[in-house]
Q: 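The structure's right below; bear with me while I get my questions together.
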Amino acid sequence: MKEYKTVEFESADEFTEKKSKFIGYVKPVETQEEAVSFIHSVKSKHWDATHNVYAYVLKENNIQRYSDDGEPSGTAGVPVLDVILKNNLVNVCVVVTRYFGGTLLGAGGLVRAYSHGSKIAVEAGHIITMAPCKVLSVSVEYSFYERLNILLSDFNANIESTDFSDSVSVSFSIKAEKKEALQEKLTDISNGLYCLKEIGEKFAKA
């Protein structure tokens, strides 16, 4: 499976435009059921909102869906979807809630507002790259632990667990093609004292 970009976590952000309040929500999803469930949860939370506009893109079968939810056609759902597509994101769902403030924004104003609502939601969710990763572990002396942490950070490794006993055992995932370079660097700075052990493989944040 090839790497792809998505958001790291569910999040939200909001802004006000001519007294209309816009709240952008985002969540990583993998199925239509997850996307629809998220949309329903936002709609339930904001049952009294004027509009709950949404868009989602799924990697599987390249599914793209959106809804204007009562806004003029092309002024809401499409701008939200465009932000997702321009950021090359998949497996993501965005809902932009609007509470009408009494002043009409016009077609151009709506497009800009819904685009912005989607943009700030996506930014709040933190864009990440998911890629094939190796899950590795290494045990080091306490005196070397800080240097190991710095090394793993330099290689963008994601720590999965740390066990403090007689020595420090760290399990982490790292982009598959970085494993060899990491081992070389570890061998170099530890004078060949430590060796990485491969536990498995997974699709994870790279």
Side-chain angles (χ1 to χ4, degrees), residues 1-13 24-35 38 55-64 80-94 118-206:
M1 191 182 289
K2 292 181 180 178
E3 64 181 53
Y4 63 86
K5 285 168 45 173
T6 186
V7 293
E8 187 170 10
F9 40 71
E10 181 178 341
S11 196
D13 201 354
Y25 291 91
V26 68
K27 184 177 182 179
V29 294
E30 293 190 357
T31 64
Q32 285 203 77
E33 289 76 17
E34 285 181 30
F38 177 58
Y56 61 87
V57 176
L58 301 176
K59 192 171 186 294
E60 192 174 353
N61 299 323
N62 193 29
I63 293 171
Q64 300 177 9
V80 172
L81 178 64
D82 278 350
V83 169
I84 297 173
L85 296 177
K86 283 175 182 174
N87 282 284
N88 298 311
L89 304 177
V90 294
N91 289 1
V92 64
C93 180
V94 174
S118 182
K119 181 174 178 285
I120 61 175
V122 164
E123 287 173 350
H126 189 224
I127 295 174
I128 58 169
T129 298
M130 298 288 285
C133 291
K134 298 284 188 184
V135 182
L136 307 168
S137 71
V138 63
S139 293
V140 301
E141 297 300 320
Y142 278 79
S143 58
F144 191 80
Y145 177 55
E146 189 175 337
R147 294 187 73 185
L148 176 66
N149 263 339
I150 294 169
L151 177 62
L152 294 181
S153 176
D154 288 345
F155 276 80
N156 293 322
N158 295 293
I159 308 296
E160 303 209 338
S161 67
T162 306
D163 181 44
F164 298 95
S165 53
D166 294 341
S167 58
V168 186
S169 297
V170 182
S171 297
F172 59 93
S173 62
I174 188 171
K175 208 168 178 180
E177 56 261 37
K178 290 182 178 180
K179 180 193 170 186
E180 217 167 283
L182 175 60
Q183 178 62 71
E184 286 178 9
K185 189 68 176 174
L186 178 63
T187 299
D188 181 42
I189 65 173
S190 72
N191 295 318
L193 194 59
Y194 303 118
C195 190
L196 300 173
K197 179 183 176 185
E198 187 169 329
I199 302 173
E201 298 179 349
K202 68 188 291 190
F203 220 76
K205 183 173 121 180

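In this text the structure is predicted, and so the values were computed from the model without any measurement.
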Q: Got a second to check how far L182's CG is from D154's CG, nearest 0.5 Å?
A: 10.0 Å
Q: Could you walk me through whether V83 and V94 pass side-chain contact (heavy atoms from CB on, under 4.5 Å), step by step?
A: CA-CA 10 Å; V83 169; V94 174; over 6 Å; no
Q: Answer yes or no: is there a donor N or O on one side and an acceptor on the other, between the side chain of N158 and the main chain of A204, under 3.5 Å?
A: no
Q: In chain order, what residues pass the side chain to side chain contact (heavy atoms under 4.5 Å, CB included) check against E198, with sequence neighbours excluded?
A: K134, L136, K179, E201
Q: Of all heavy-atom pairs between C195 and V138, which one has the smallest distance, and what is that distance?
A: O-CG2, 3.8 Å
Q: So which heavy atom on T162 is nearest to which on I159, and how close?
A: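 Smallest heavy-atom distance, with atoms named: OG1-CG2, 3.6 Å.
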Q: Can you find a heavy atom in the side chain of Y194 that is under 4.5 Å from one in the side chain of E141?
A: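 A side-chain contact under 4.5 Å exists here.
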Q: Look at the side chain of S153 and the backbone N and O of N149, then say whether any donor-acceptor pair between them is shorter than 3.5 Å.
A: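 It does not hold such a pair.
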Q: If you look only at distance, which donor and acceptor atoms sit under 3.5 Å apart when one is on a side chain in residues 126-133 and the other is two or more places apart or in another chain?
A:
unit_1	atom_1	unit_2	atom_2	d
H126	ND1	E8	OE1	2.6

Q: Mind jotting down which residue pairs meet the salt bridge (Lys or Arg N to Asp or Glu O under 4.0 Å) criterion with at least one end in residues 187-197? Sequence neighbours excluded, please.
A: none
Q: Check whether any side-chain heavy atom of V57 sits under 4.5 Å from a side-chain heavy atom of L89, and report yes or no.
A: no
Q: Applying ring pair (Phe, Tyr, Trp, His ring centres under 6.0 Å), can you list everything that pairs with F38, at least two apart in sequence or on another chain?
A: none
Q: Checking N91 side chain against K59 main chain: does a donor-acceptor pair fall under 3.5 Å?
A: yes
Q: If I compare all heavy atoms of I199 with all of S137, which pair ends up nearest, and what's the gap?
A: CD1-CB, 3.6 Å
Q: Using the side-chain contact (heavy atoms from CB on, under 4.5 Å) rule, take K175 and F155 through it: C-alpha gap first, then chi angles, then the decisive distance, then the call.
A: CA-CA 9 Å; K175 208 168 178 180; F155 276 80; over 6 Å; no
Q: If I compare all heavy atoms of K27 with all of V7, which pair ends up nearest, and what's the gap?
A: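 Heavy atoms of K27 and V7 come nearest at C-CG2, 4.0 Å.
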Q: So which heavy atom on E30 is nearest to which on L58, and how close?
A: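 Nearest pair, atom of E30 first, then L58: C-CD2, 4.0 Å.
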Q: Any chance you could measure R147, atom CZ, to L186, atom CG, to the nearest 0.5 Å?
A: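 One finds 10.0 Å between CZ of R147 and CG of L186.
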Q: Please report the interatomic distance CG(D13) to NZ(K119), rounded to the nearest 0.5 Å.
A: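 The NZ atom of K119 is 10.5 Å from CG of D13, to the nearest 0.5 Å.
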Q: Checking side-chain polar atoms at under 3.5 Å, does S139 have a donor or acceptor matched by the opposite partner on S169?
A: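 Their side chains do contain a donor-acceptor pair, which is all the 3.5 Å distance test asks for.
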Q: To the nearest 0.5 Å, tell me how far L148 CG sits from S143 OG.
A: 11.5 Å
Q: To the nearest 0.5 Å, what is the distance between NZ on K5 and CG on N88?
A: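 If I round to the nearest 0.5 Å, the distance is 5.0 Å.
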Q: Going by the ring pair (Phe, Tyr, Trp, His ring centres under 6.0 Å) test, which pairs reach into residues 164-188, not counting sequence neighbours?
A: Y145-F164
Q: So, using side-chain hydrogen bond (donor to acceptor under 3.5 Å, both in side chains) as the criterion, who are the partners of Q32 when residues are at least two apart?
A: Y56
Q: Quick one: closest heavy-atom pair of V140 and S167, and the distance?
A: O-CB, 3.3 Å
